[in-house]
Protein chains: 2
Amino acid sequence: MAIQTKTQTKSPTQLGKIKTSIRQQIQSGMMSGGQKLPSERELSTLFETTRITIKDALVALETEGLIYREERRGWYVSPQRICYNPLSRSHFHQMIRDQHRIAETRLLNTRTEMAAGEYAAALNIRQLTPIHIIERLRYIDGRAVLFVENCLMTNLFPGILEENLTLSLTGLFAEKYGYQTQRSRFDVIPTAAPGHVAKALNLAEGQSVLKICRVNYKQDGTLMDCEFEYWRPDAVMIRIDSSAE
Amino acid sequence: MAIQTKTQTKSPTQLGKIKTSIRQQIQSGMMSGGQKLPSERELSTLFETTRITIKDALVALETEGLIYREERRGWYVSPQRICYNPLSRSHFHQMIRDQHRIAETRLLNTRTEMAAGEYAAALNIRQLTPIHIIERLRYIDGRAVLFVENCLMTNLFPGILEENLTLSLTGLFAEKYGYQTQRSRFDVIPTAAPGHVAKALNLAEGQSVLKICRVNYKQDGTLMDCEFEYWRPDAVMIRIDSSAE
DNA sequence: TAGTGGTCTAGACCACTCG
DNA sequence: GAGTGGTCTAGACCACTAT
């Protein structure tokens with residue numbers, strides 16, 4: 001059965017008609033994941049309306065998670081969401097492979113600075129402490145969907161910036177330093193992409209992302225590192241399955 | 001230290017100036033949670049621009065979670081987010097009280113029908129099975145922030161529709177039927193509000209919500225009920241703290 | 001009835017991407 | 001250089017809310 005918005009008592013708006021029309025094209029399978037939509041100008045000719053109205057319709061479908069945009073490149077049909085369990089110890093590449101998709105990670109940059117602001121708060125640091133910050137971008141089937149910032153206390157991770165940082169950091173922590181994640185806490189927050197994140201993900205400034213802040217503790221219970229993930233919101237769903245403790 | 005968008009190399013756009021100006025008014029404490037912003041027309045006079053530009057700025061701040069709107073009523077400053085752990089067995093009213101806020105629940109309607117579509121999929125039902133559907137609206141400090149739909153198999157919950165349904169259903173399950181939640185699985189999905197949800201939450205159709213689908217199993221491991229929660233996205237953050245299993 | 005946001009028209013220029 | 005979305009102007013009418 002096709003999902004459909006509730007039958008309207010009022011005649012549907014122009015906006016509603018455009019949304020329904022494009023939605024049906026996608027859900028009927030005529031367009032599939034990654035395919036490019038006609039340009040806003042073409043659509044405004046097709047639907048005999050202005051670009052503003054077309055854009056309002058596209059933004060609504062984007063909010064649904066049905067389509068997404070690459071800044072100044074165009075609108076595309078969203079592939080299926082990745083199912084992500086932040087509690088699982090499975091690595092990113094493994095998780096994506098398990099879902100028959102192709103993962104890739106690129107290192108954007110690393111830097112070392114004194115913890116401040118959001119970083120200091122997440123790491124629960126009260127005095128000036130040097131931290132390493134590692135910025136990476138993750139791709140699924142060639143599309144940039146996840147920007148990740150890792151913050152590591154320098155004293156716990158000597159020489160880590162010389163390692164291959166496109167692989168799993170959790171794996172590196174275990175192999176090089178013998179650290180296991182014993183406990184982790186994470187927050188999920190729907191918000192807007194900060195400037196540098198928007199740029200990396202090809203989002204326009206102010207577009208929506210799903211932010212996940214995570215703090216990891218190692219086997220002796222002390223705080224190990226924290227991580228800020230910014231997901232394209234149409235690319236992911238979070239799934240947690242837990243027995244009662 | 002105040003959080004601030006990265007210093008722009010290009011001169012900021014009109015849009016950026018308006019966002020920064022309103023953001024500062026809010027973060028400086030001049031406006032606080034629940035307070036109404038001037039109307040879009042007043043703002044367009046103040047900033048000497050059109051309503052479209054003003055609206056773009058307001059929508060961006062809404063995405064950040066800084067402000068929200070009540071359809072055709074106006075724009076308001078968002079109160080602090082509620083911190084919500086879906087794994088916790090704490091009841092809604094208890095959770096809100098613990099965060100020094102005021103909770104309220106109203107029953108919208110109940111109905112009994114054959115499971116189909118999303119309900120049947122969530123309950124993993126393969127044949128026609130009658131279910132009770134309970135729709136409720138939850139308020140925090142007087143603001144409608146959460147629309148909840150519960151789906152119960154009729155055979156497990158005889159007579160439940162005659163009970164007081166504004167309290168905790170989990171509590172009712174335990175007291176009246178002796179059912180304990182042993183395991184639960186939930187999904188978190190950023191998406192758009194369906195029509196009936198948008199209406200209940202005073203959202204415009206197509207606005208963003210955080211959808212949480214939950215399935216509960218009782219002590220003998222069999223499926224008990226499922227629940228669809230739709231949160232105003234600025235009202236909540238999800239926090240999960242878990243030891244390694 | 002006055003005021004609000006929701007929808008819509010008919011354009012325009014700009015920054016950026018891509019071939 | 002052609003094409004894209006991002007931003008912006010200057011209006012308009014409508015559905016709905018609040019009083």
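Here is how names work: the chains are called A, B, and so on, in the same order as the sequence lines, proteins then strands, and each is numbered from 1. The structure displayed is predicted, hence computed values, not measured ones.
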First encountered from the 5' end of DNA chain C, between A/I52 and B/K36: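 Its nearest nucleotide lies further toward 5', so the answer is B/K36.
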
Nearest-nucleotide 5' precedence on DNA chain C, B/W75 against A/E48: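 So the residue in question is B/W75.
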
Starting at [atom1] of [X] and ending at [atom2] of [N], how long is that distance when rounded to a whole Å?
{"X": "A/I54", "N": "C/dA10", "atom1": "CD1", "atom2": "P", "result": "13 Å"}
{"X": "A/E40", "N": "D/dT4", "atom1": "CD", "atom2": "P", "result": "10 Å"}
{"X": "B/R51", "N": "C/dG6", "atom1": "CZ", "atom2": "P", "result": "8 Å"}
{"X": "A/L58", "N": "D/dG6", "atom1": "CG", "atom2": "P", "result": "10 Å"}
{"X": "B/Y76", "N": "D/dT17", "atom1": "OH", "atom2": "P", "result": "12 Å"}
{"X": "A/E71", "N": "D/dT7", "atom1": "CD", "atom2": "C1'", "result": "11 Å"}
{"X": "B/E42", "N": "C/dG3", "atom1": "CD", "atom2": "P", "result": "10 Å"}
{"X": "A/L203", "N": "C/dT17", "atom1": "CG", "atom2": "P", "result": "13 Å"}

Check whether any side-chain nitrogen or oxygen of [X] sits under 4.0 Å from OP1 or OP2 of [N], and answer yes or no.
{"X": "A/K55", "N": "D/dG6", "answer": "yes"}
{"X": "B/T53", "N": "D/dT9", "answer": "yes"}
{"X": "A/R73", "N": "C/dC18", "answer": "yes"}
{"X": "B/S39", "N": "C/dG3", "answer": "no"}

NZ or CZ of B/R232 within 45° of B/Y68 ring axis and under 6.0 Å: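 No.
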
Pi-cation contact, A/Y139 with A/R106 (under 6.0 Å, within 45°):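 Verdict for A/Y139: a cation-pi partner in A/R106.
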
Derivation and outcome, ring-ring contact (aromatic ring centres under 6.0 Å, His included), residues A/W231 and A/Y84: CA-CA 11 Å; A/W231 286 84; A/Y84 172 40; 5.2 Å; yes

As a test of reading the structure: which of [options] is closest to the side chain of [X], going by heavy atoms?
{"X": "B/R41", "options": "D/dC13, C/dC13, C/dT17", "result": "D/dC13"}
{"X": "B/L15", "options": "C/dT9, D/dT9, D/dT7", "result": "D/dT7"}
{"X": "A/R72", "options": "D/dA10, C/dC14, C/dA10", "result": "C/dC14"}

Touch class at under 4.0 angstrom, heavy-atom based, for B/E70 against every strand present: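 It contacts nothing in the nucleic acid.
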
Side-chain ion pair, B/R69 and B/E62, N-O less than 4.0 Å: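 A salt bridge is present here (some side-chain N lies under 4.0 Å from a carboxylate O).
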
Note: B/D234-B/R143 ion pair, threshold 4.0 Å (strictly below):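 Yes, charged N to carboxylate O under 4.0 Å.
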
